[in-house]
Amino acid sequence: MEKFLSVISDIVWGPPLLILLVGTGIYLTFRLSFLQFIELPHALKLAFSRNQDNSSKGDISHFQSLMTALAATIGTGNIAGVATAVVAGGPGAVFWMWITAVFGMATKYAEAILAVKYRITGENGQMSGGPMYYIERGLGWKWLAVCFAFLGSLAAFGIGSSVQSNSVASSVQASFGVNPWITATVLTAITALVILGGIKSIGRAASVIVPFMAIFYVLGGLVIIFMHIDKVPATISLIFTDAFTGQAMAGGAIGTVIRYGVARGVFSNEAGMGSAPIAAAAAKTDHPGRQALVSMTGTFLDTIVVCSITGITLVMSGLYTDKKLEGAALTTEAFSQMLPGPGGWIVTIGLIFFAYSTVLGWSYYGEKCFEYLFGNKSVVGYRIVYTGSVFLGAVANLGLVWSIADIFNGLMALPNLIGLLALSGVVVAETRHYRKHVKRTSPNNPSNRVGA
């Protein structure tokens with residue numbers, strides 16, 4: 001069964017889906033006149049400004065919405081996924097992860113602007129939005145919206161809870177010798193405390209956990225890079241040259257380099273998957289365009305910043321040629337070698353927080369998909385079952401779950417990408433309207449002006 005599901009997963013995540021994911025980003029980049037390059041400084045300022053919008057409709061602030069999305073995206077993919085890409089695709093895979101992120105920023109922007117535009121106020125007075133809502137309300141394709149919600153609610157149990165809790169339990173056992181049953185109990189308890197309180201509780205927790213874990217991991221990686229600054233030029237050169245030659249691979253398989261770089265890049269930042277816009281829809285904002293810019297920075301922070309730290313350190317260490325090491329173990333060994341003593345701890349602690357934050361973020365995604373299908377009364381039951389899956393994941397053998405999670409996660413993207421392409425005209429129109437809105441509401445504040 002594992003072999004069969006692995007084959008299905010390879011088909012789902014094959015060239016057609018990867019081309020569609022990146023192609024959608026390229027198409028939107030041109031339709032939006034390279035907005036992600038022009039607006040990134042302004043978007044980062046909006047995301048991290050102390051003056052968050054608290055008066056507009058929504059459940060959480062711009063910053064909390066971004067942190068909730070990052071909680072779900074910054075996960076094991078940033079540590080184990082990057083290692084897999086470099087081992088299977090060579091150093092050049094890091095370059096293609098960057099390219100995927102650059103175009104993925106346009107995709108993430110489009111997802112968020114549609115999520116806010118077509119969101120609704122639910123029975124409980126909270127915002128509900130995401131691909132299922134903009135597909136139904138924007139296109140009138142209820143059947144496709146139901147497909148996305150069904151896949152999303154199931155994917156959350158795999159990629160969101162079970163797989164992540166298993167990674168935490170395995171890491172804690174390997175580093176500290178703690179029995180997985182103890183880890184499962186503690187992890188389930190702290191998960192329940194947060195997610196049973198809903199999006200406001202998740203947003204508050206994410207706004208504390210995500211900045212801490214990202215800064216902790218990035219600073220650790222930067223220490224390694226500056227300690228070996230003499231190797232950086234050669235490392236960057238190798239990443240760029242191998243990206244177009246594939247020399248690090250047997251026979252110079254350039255297609256393999258691109259495939260693994262793109263696949264792991266998408267898996268890491270989730271641009272086009274349809275998950276992050278569910279969090280974006282909950283934000284307090286006066287215009288869809290404002291939250292869309294904030295959401296766009298998530299892809300930049302996840303891949304261009306966090307994944308780059310892992311990728312550069314791995315390539316610099318040279319350990320990616322050791323076929324005995326893979327995944328998180330390879331990243332741990334690379335950090336340990338480049339920074340003897342605390343290096344391995346940086347990865348272990350980072351992995352624990354990355355995985356736990358993903359559990360929180362995906363609980364909200366799955367809950368909203370389930371609510372769309374079965375109504376608000378089903379939410380409490382979903383939260384309880386989701387919390388239980390965290391415990392089971394930590395103590396179970398998850399070979400099958402990994403494959404099933406990959407399949408559902410990949411299939412989620414299809415209805416979302418169809419919706420994005422079909423509604424791209426709305427994205428462009430909303431962007432133009434936002435620019436006029438900014439000029440009209442704050443004509444004398446240059447820091448708030450959006451580029452032409």
Side-chain angles (χ1 to χ4, degrees), residues 1-2 5 9 68 71-81 83-84 152-197 201-202 205-206 208-210 212-213 216-217 267-268 275 326-332 344-367 370 380-409:
M1 180 60 74
E2 282 189 32
L5 290 174
S9 178
T68 301
T73 53
I74 298 181
T76 54
N78 296 76
I79 294 177
T84 301
S153 61
L154 291 179
F157 287 108
I159 201 68
S161 61
S162 302
V163 166
Q164 303 299 330
S165 62
N166 189 267
S167 297
V168 172
S170 299
S171 180
V172 171
Q173 184 178 34
S175 299
F176 307 107
V178 178
N179 189 297
W181 286 87
I182 297 175
T183 303
T185 302
V186 174
L187 191 60
T188 302
I190 61 176
T191 298
L193 285 174
V194 176
I195 71 171
L196 293 179
S201 177
I202 294 172
V208 174
I209 295 172
V210 174
F212 166 76
M213 72 179 189
F216 173 79
Y217 186 76
F267 189 79
S268 171
S275 50
E326 60 181 16
L330 172 58
T331 305
T332 302
W345 291 102
I346 292 172
V347 178
T348 299
I349 295 172
L351 182 64
I352 292 170
F353 278 100
F354 285 4
Y356 175 63
S357 70
T358 301
V359 171
L360 298 183
W362 268 93
S363 71
Y364 182 66
Y365 295 163
E367 169 190 315
F370 204 73
V380 174
Y382 186 89
R383 291 174 183 171
I384 293 172
V385 174
Y386 185 91
T387 303
S389 72
V390 172
F391 184 90
L392 291 175
V395 298
N397 186 331
L398 291 184
L400 282 173
V401 176
W402 263 110
S403 297
I404 294 172
D406 268 350
I407 293 169
F408 282 131
N409 212 25

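Heavy atoms only: backbone and side chains are in, while hydrogens, waters and symmetry mates are out.
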Any idea which heavy atoms bring [X] and [Y] closest together, and the distance?
{"X": "Ser201", "Y": "Val194", "result": "OG-O, 2.8 Å"}
{"X": "Ala156", "Y": "Tyr382", "result": "CB-OH, 3.4 Å"}
{"X": "Ser165", "Y": "Leu187", "result": "CB-CD2, 3.5 Å"}
{"X": "Phe157", "Y": "Ser162", "result": "O-OG, 2.9 Å"}
{"X": "Gln173", "Y": "Pro180", "result": "NE2-CD, 3.6 Å"}
{"X": "Ala192", "Y": "Thr387", "result": "CB-CG2, 3.8 Å"}

Euclidean distance, [Y] [atom2] relative to [X] [atom1], rounded to 0.5 Å:
{"X": "Thr183", "Y": "Ile352", "atom1": "OG1", "atom2": "CD1", "value": "8.0 Å"}
{"X": "Leu193", "Y": "Thr188", "atom1": "CG", "atom2": "OG1", "value": "11.0 Å"}
{"X": "Leu154", "Y": "Phe408", "atom1": "CG", "atom2": "CZ", "value": "5.0 Å"}

If the condition is side chain to side chain donor-acceptor pair (under 3.5 Å), which residues does [X] pass it with, not counting sequence neighbours?
{"X": "Ser275", "value": "Glu270"}
{"X": "Tyr356", "value": "none"}
{"X": "Ser389", "value": "Ser161"}

Not counting sequence neighbours, list each pair that qualifies as a salt bridge (Lys or Arg N to Asp or Glu O under 4.0 Å) and has a residue in residues 383-396.
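Sorted result for residues 383-396: Glu367-Arg383.
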
Taking C-beta and beyond as the side chain, do Tyr217 and Phe354 meet within less than 4.5 Å on heavy atoms?
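Tyr217 reaches Phe354 side chain to side chain.
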
With a 4.5 Å cut-off on side-chain heavy atoms, are Leu360 and Ile209 touching?
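A side-chain contact exists here, since the closest heavy-atom pair is under 4.5 Å.
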
Side chain of Ser9, backbone of Leu5: donor and acceptor closer than 3.5 Å?
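Judged by distance alone, no pair lies under 3.5 Å.
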
With Ala206 via side chain to side chain contact (heavy atoms under 4.5 Å, CB included) - residues at least two apart:
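Applying side chain to side chain contact (heavy atoms under 4.5 Å, CB included) to Ala206 gives Met67, Thr68, Ala71, Val210.
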
Can you sort out the partners of Thr185 under side chain to side chain contact (heavy atoms under 4.5 Å, CB included), two or more places apart, ordered by chain and number?
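Residues passing side chain to side chain contact (heavy atoms under 4.5 Å, CB included) with Thr185: Phe391.
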
Could you go step by step and tell me if Phe216 and Trp345 meet the ring pair (Phe, Tyr, Trp, His ring centres under 6.0 Å) rule?
CA-CA 11 Å; Phe216 173 79; Trp345 291 102; over 10 Å; no

Over 60° means perpendicular and under 30° means parallel, so tell me whether Trp362 and Tyr365 are parallel, tilted or perpendicular.
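Correct class here is perpendicular.
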
side-chain contact (heavy atoms from CB on, under 4.5 Å) between Thr191 and Ser363, intermediate numbers included
CA-CA 9 Å; Thr191 298; Ser363 71; over 6 Å; no

